[in-house]
Amino acid sequence: MLHQPTYAPVPMLAADVNCFWALEQDQESYNREVYLPDAYIEVMINVGAPLMLESEYGMLELPRAFVNPLQNKPLRIRAAGFCQMISMQLYPWAVKPILNIDADPSTVHVIGLDAEWQRFADDLTQIVAHRGYGEAIDCYQEYVCKTAYRHKHDLMLIRTAGHLLHRSHGQIRMADLAAQSYLSSSQFERQFKHYTAISPKAYARIVRFGSLQAALLVNPSIRLADLADVYGYSDQAHLIREFKSFAHCTPRDFAASAPAYFELRQNEDWCDFMKQYFNLSYAG
């Protein structure tokens, strides 16, 4: 999904929030796109046309404020008009301490937030309409800072392990993660799942898949054998199987079906940002 632009979190949230982002997109182009799994949980505020979720039960209308938890398959959201939204991109261990909810990726596709959040979403819709996205993001961050961390959580070990997983593109050994957390492997997995609702090994796969997406967007013609070597897959076939398990398409199909990113690839600032953020110096 094509986000524009992104905003850094305030210091209070920096360890647990990756960024805030805003999006404006016409209905036709937005409805051609799909949300693929990545390593973040989105707390999304719709400030534009109504949004519908494609599901096995048909089209379900989404509330103004909702959570897109960790996914293990593509998610299709459709707009009934001009699409406008802002979102907070959380690391998965932050859902409990910041939102005080669970986000189980195995059973829930989208989580509607409570009435207080819906009223806040209505307020943000008015702020975007009259004062713009920048001020709306400031209000969003202020609101989160007032409501986050209401209860005590011992996050330090899991937060540190999660950031190590990101820096290693999901390639650090689980036994090494547990050792750095001063926990046994079973204790580490239990605590990680308590906060993220997913095992550290499963999360590592999602992190690695997210880095593959970024590399393909920056350079769609990159050799898959090179990517397999960089990300520690046994071979190109293994990489393709893993990619298809999350995206329901091959890496080459994904690269070919992302025309919205063509103009961004011509933008040196965007490419430099992606390469630095995902450590993609090999991506050409």
Side-chain angles (χ1 to χ4, degrees), residues 1-27 29-49 51 53 62-71 74-79 82-92 94-95 98-99 103 110-111 113 117 120-121 123-129 131-145 148 163 166 206-207 209-211 213-214 217-218 258 260-261 263-265 267 269-278 280:
M1 194 61 60
L2 186 59
H3 302 160
Q4 47 161 300
T6 60
Y7 302 79
V10 296
M12 176 181 170
L13 303 174
D16 297 323
V17 176
N18 183 50
C19 69
F20 289 78
W21 55 259
L23 170 71
E24 279 194 347
Q25 198 167 4
D26 66 272
Q27 179 182 6
S29 59
Y30 179 82
N31 287 350
R32 287 198 301 265
E33 298 191 30
V34 62
Y35 285 87
L36 292 181
D38 65 20
Y40 304 101
I41 288 175
E42 304 280 2
V43 185
M44 305 177 79
I45 308 293
N46 175 25
V47 296
L51 296 176
L53 173 68
L62 295 173
R64 283 281 184 188
F66 63 93
V67 176
N68 177 15
L70 289 179
Q71 303 164 224
L75 190 71
R76 290 173 173 81
I77 298 176
R78 299 295 176 248
F82 190 64
C83 180
Q84 296 173 276
M85 65 178 70
I86 56 180
S87 179
M88 174 174 61
Q89 195 175 75
L90 290 176
Y91 293 103
V95 171
I98 288 183
L99 299 180
V110 167
I111 302 169
L113 291 170
W117 272 95
F120 174 65
D123 292 341
L124 281 190
T125 301
Q126 295 303 312
I127 293 171
V128 168
R131 301 200 290 275
Y133 288 102
E135 187 162 337
I137 293 289
D138 289 343
C139 291
Y140 196 175
Q141 298 220 46
E142 182 180 352
Y143 180 81
V144 172
C145 287
H163 284 299
H166 276 263
I206 296 175
V207 170
F209 172 72
S211 294
Q213 287 186 69
L217 289 172
V218 169
Y261 288 88
E263 291 185 7
L264 283 178
R265 288 197 293 269
N267 184 314
D269 290 340
W270 182 81
C271 286
D272 288 344
F273 167 79
M274 292 290 284
K275 289 176 183 179
Q276 180 179 2
Y277 186 78
F278 287 96
L280 303 177

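Between Ala14 and Pro9, the closest heavy-atom pair is CA-CG, 3.9 Å. Closest of all the heavy-atom pairs between Gln27 and Ala79 is NE2-O, 3.1 Å. Residues Arg76 and Leu53 come closest through the heavy atom pair O-CD1, 3.5 Å. Across all their heavy atoms, Pro74 and Pro37 have their closest contact at N-CD, 4.2 Å. The minimum heavy-atom distance between Ala39 and Pro92, with the atom names listed, is O-CD, 3.5 Å. Smallest separation of non-hydrogen atoms from Cys139 and Leu124: CB-CD2, 4.0 Å.
Separation of atoms CZ (Arg78) and CZ (Arg32) is listed at 10.5 Å; rounding is to 0.5 Å. With values rounded to the nearest 0.5 angstrom, Tyr7 atom OH is found 12.0 Å from Trp21 atom CH2. Rounded to the nearest 0.5 Å, atoms CD (Glu33) and SG (Cys83) are 9.5 Å apart. Going from atom OH of Tyr140 over to atom CD1 of Ile86 covers 6.5 Å, rounded to the nearest 0.5 Å. Rounded to the nearest 0.5 Å, atoms CG (Leu90) and CG (Leu70) are 10.0 Å apart. Rounding to the nearest 0.5 Å places CD1 of Ile137 at 9.5 Å from OG1 of Thr6.
Defined by atom type and a distance below 3.5 Å, a donor-acceptor pair is present between the side-chain atoms of Glu24 and Tyr133. A donor-acceptor pair shorter than 3.5 Å can be found between the side chains of Asn18 and Gln89.
Applying the ring-ring contact (aromatic ring centres under 6.0 Å, His included) rule to Phe209 yields the partners Phe243, Phe246; only residues at least two apart in sequence or on another chain are considered.
Under the 4.5 Å side-chain criterion, counting only non-hydrogen atoms from C-beta, Val110 is in contact with Leu75.
The closest donor-acceptor contact from the side chain of Gln71 to the backbone of Tyr35 lies under 3.5 Å. Arg64 contributes no side-chain N or O that, together with a main-chain N or O of Met44, makes up a donor-acceptor pair within less than 3.5 Å. Using modelled atom types, no side-chain atom of Gln84 and backbone atom of Thr125 make a donor-acceptor pair closer than 3.5 Å. With Asp123 contributing its side chain and Gln126 its backbone, the two residues share no donor-acceptor pair below 3.5 Å.
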Residue pair Phe66, Ile77: steps toward the side-chain contact (heavy atoms from CB on, under 4.5 Å) verdict: CA-CA 12 Å; Phe66 63 93; Ile77 298 176; 4.3 Å; yes

Trace of the side-chain contact (heavy atoms from CB on, under 4.5 Å) decision for Leu13 with Phe20: CA-CA 11 Å; Leu13 303 174; Phe20 289 78; 4.2 Å; yes

side-chain contact (heavy atoms from CB on, under 4.5 Å) evaluation trace for Val43 with Ile98: CA-CA 11 Å; Val43 185; Ile98 288 183; over 6 Å; no

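Partner Met85 forms a side-chain contact (heavy atoms from CB on, under 4.5 Å) with one of Leu51, Ile45, Val128 and no other, that one being Leu51.
Note: Trp117 and Phe120 have perpendicular aromatic rings, judged against thresholds of 30 and 60 degrees for the angle between ring planes.
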